[in-house]
S.K.: 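One structure, as structure tokens, below. Some questions next.
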Amino acid sequence: MKTITIDPITRLEGHGKIVIFLDDGGEVENAYLQVPELRGFERFCEGRRAEDMPIITARICGVCPVAHHMASTKALDAAYGVEPTPTAKKLRELMYSGYTVYDHILHFYFLGAPDFVVGPDAPPGERNIFGVLKKVGLDVGREVIKHRAYGQKITEILGGKATHPTCGLPGGVSKGLDEEERREIEEMGRSSVEFAQFTLDLFNKVVLGNQDYVDLILSDPYQLRTYNMGLVDDDNRVNLYDGDIRVTDQGGKEFARFPAGDYLDHISEHVEPWTYSKFTYLKKIGWKGLSDGPGSGVYRVGPLGRLNASEGMATPLADQEYQRMYETLGGKPVNSTLAFHWARLVELLYAAERVVELATDPGITDGDLRNPVGEPGEGVGVVEAARGTLFHHYKVDGEGLLEKVNLIVATTNNYAPICMSIRDAAKGLIKGDEVGEGLLNMVEMGFRAYDPCFACATHTLPGQAPLTVEVYDADGNLLGSYGRDKQ
Amino acid sequence: MSVVIGIGNPLRADDGLGHHVVEALRREMPEVEAVDASTYDIEIIEHLRGRSRAVIVDALLTGAEPGTIHRLRPEEIGETGFRRTHGPNLPSVLRLASQLYSDELPGEITIIGVEAEDVESFSWKLTPMVRSALPRVIEEIRRALSEDSPQA
């Protein structure tokens, strides 16, 4: 058996190693993603003050600080037995929607678009934001930066700081909104709606207008028939901040629906020795290995998981795009991994519309910011991070210190599907020793669509990054290595 | 007008070097604009626009002794192998900045990289050798901000 390793993966948040096992016939047998994990972080938190967690967890990684801050704050709501005030809920969701806007924009233009707009067979030096801007023009680049800055400005106004908010408290938030701030946010929201529509238009023209890409999206190596999970409101529409967790099956029917506090009745974790990250799966179905279909407990989260687990989007323009996506791709659920990119843009539009909706809510400048807390205990907070469902579970002792912390981050929920997508893309695209640059990138496209996030990486000077692709046989002998120079 | 931008995650031990430098600057050189950019990426561009001079401070791993100070120009950090968690890496951000806002950027951008020992552990503190380098880092920044001509 031979092994091909891609290390590190380009254009991702974090670093991880892909190991692809070939059998003796040169065909792909299996593929795995090896990633660092969060057990060290969970231990680091034990004994600390629970009320510090929204600040601490915001720093787990640089990309989803608002998501962690919010999941943490909600876990504290639950642990202290307090419901946030109506105004606090709106303010939290408003900040949360702003975060989703800037996160999805980053992913599409910097991490996803290079594959589609520039092309998967283009040389690696072109498959980046610069290649994208060459195709769409520098003005688009300025618009990307501007709207990303808007998203961060919303976080700053509501959260106190641009990237790492400090406003979350059990029972509410520490900061309200005045009329001037409200108007500023409304304007940024309206501009973001237009930019989201522009981006969907671009996707339409460049991706959907190109039959090769459409074929790629619908091609076999990129299909996975897993269950799907996401937060929904009372009408089963996607809500990123709050609601019940809903799981749908391969036929698009509801399989389970439960509040955050019941997650352990529905989700279990499986550990493999060769990777630090745990695989989550549906408890009631069971762990059947890296396989899909109704008999396997593997499920997907994130934009495609959320849209598949719901019945629509709660804002009008995004809902239209939701319907259009399902009509175009043949109904629900959509199993094409590459459709994550499309679903992400539908969510971008939703989040932008939601910013406007909440910013124009008559009660958004009210002053009821916080409810008094009860006694500390145990609680679970769940939000939909850009990448998928995020769980924070805290056990708080009588002095307000953390006894135990369990975090299930979005990418852990998607870990099994990610490995499977890599394997399937490799199976379809790597044959024998044929591992050209474009082929390797196609494998990576399989998991980049998930927008996966791993623990923080290090910074190294040029030439010193561990860029190795290793080939091993069944006995563990190194047969050869492939290098990957730049992203 | 000058700006000093510190980048890195303060929760990851020496990766928080930029953050600690900014804290020190606010005490020692309060007249200088010091930005704790943490894990920003393209937003750094907004802190560069309209400034005449900029210093960017970050932890680095090159295999040198922890606490070693590397002073670099943007063209020296290049694009290969510069891994970053949070989006485009620093060289890409600077390249993007010069493509989009070429006439608004500082005439001089200096990068000060401090060799780290540990950027993986969860800790709010710098490791001892890196912490002891802080005064030298401040001196290096002072020098970079007061020079008349580009560093040879």
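Naming convention: chains lettered A, B, ... in sequence-line order (proteins, then strands); numbering from 1 in each chain. Only this structure's heavy atoms are used, side chains among them; waters, hydrogens and symmetry mates stay out.
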S.K.: Determine the interplanar angle of the B:Phe122 and A:Phe41 rings, folded into 0 to 90°, and report it as parallel if under 30°, tilted if 30 to 60°, perpendicular if over 60°.
M.R.: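 Answer is perpendicular, since the angle exceeds 60°.
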S.K.: Please say whether more than 12 non-hydrogen atoms of neighbouring residues, nucleotides or ligands are located less than 6.0 Å from CZ in A:Arg48.
M.R.: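 Yes - once you tally the heavy atoms of other residues, nucleotides and ligands closer than 6.0 Å, there are more than 12.
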S.K.: Can you tell me how far apart CG (B:Asp36) and NZ (A:Lys161) are? Round to the nearest 0.5 Å.
M.R.: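 The CG atom of B:Asp36 sits 6.5 Å away from the NZ atom of A:Lys161.
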S.K.: Could you state the interatomic distance from CD (B:Glu46) to CD (A:Gln152), rounded to the nearest 0.5 Å?
M.R.: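 The CD atom of A:Gln152 is 10.0 Å from CD of B:Glu46, to the nearest 0.5 Å.
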S.K.: So for B:Ser123, is it side chain, backbone, both, or neither that comes closer than 4.5 Å to the heavy atoms of chain A?
M.R.: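 For B:Ser123, backbone heavy atoms alone lie under 4.5 Å from chain A.
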S.K.: Could you go through A:Phe130 and B:Ser92, starting from their C-alpha distance and side-chain angles, then the distance that decides it, and tell me whether this counts as side-chain contact (heavy atoms from CB on, under 4.5 Å)?
M.R.: CA-CA 9 Å; A:Phe130 304 103; B:Ser92 295; 4.1 Å; yes
S.K.: side-chain contact (heavy atoms from CB on, under 4.5 Å) between B:Ile42 and A:Tyr109: does it pass, once the steps are laid out?
M.R.: CA-CA 12 Å; B:Ile42 57 180; A:Tyr109 282 99; over 6 Å; no
S.K.: If I take atom CZ from residue B:Arg49 and atom CD1 from residue A:Ile145, how far apart are they, to the nearest 0.5 angstrom?
M.R.: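 Here the interatomic distance stands at 8.0 Å.
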S.K.: Who are the side chain to side chain contact (heavy atoms under 4.5 Å, CB included) partners of A:Leu138, not counting sequence neighbours?
M.R.: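 Listed in chain order: A:Leu133, A:Arg142, B:Gln99, B:Leu100.
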S.K.: Does anything in residues 98-109 of chain A form a salt bridge (charged side-chain N to carboxylate O under 4.0 Å, His left out)? List the pairs, not counting sequence neighbours.
M.R.: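 Sorted pair list: A:Asp103-A:Arg387.
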S.K.: Can you give me the closest heavy-atom contact between B:Leu11 and A:Ile56, atom names plus distance?
M.R.: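 Heavy-atom minimum between the residues: CD2-O, 3.5 Å.
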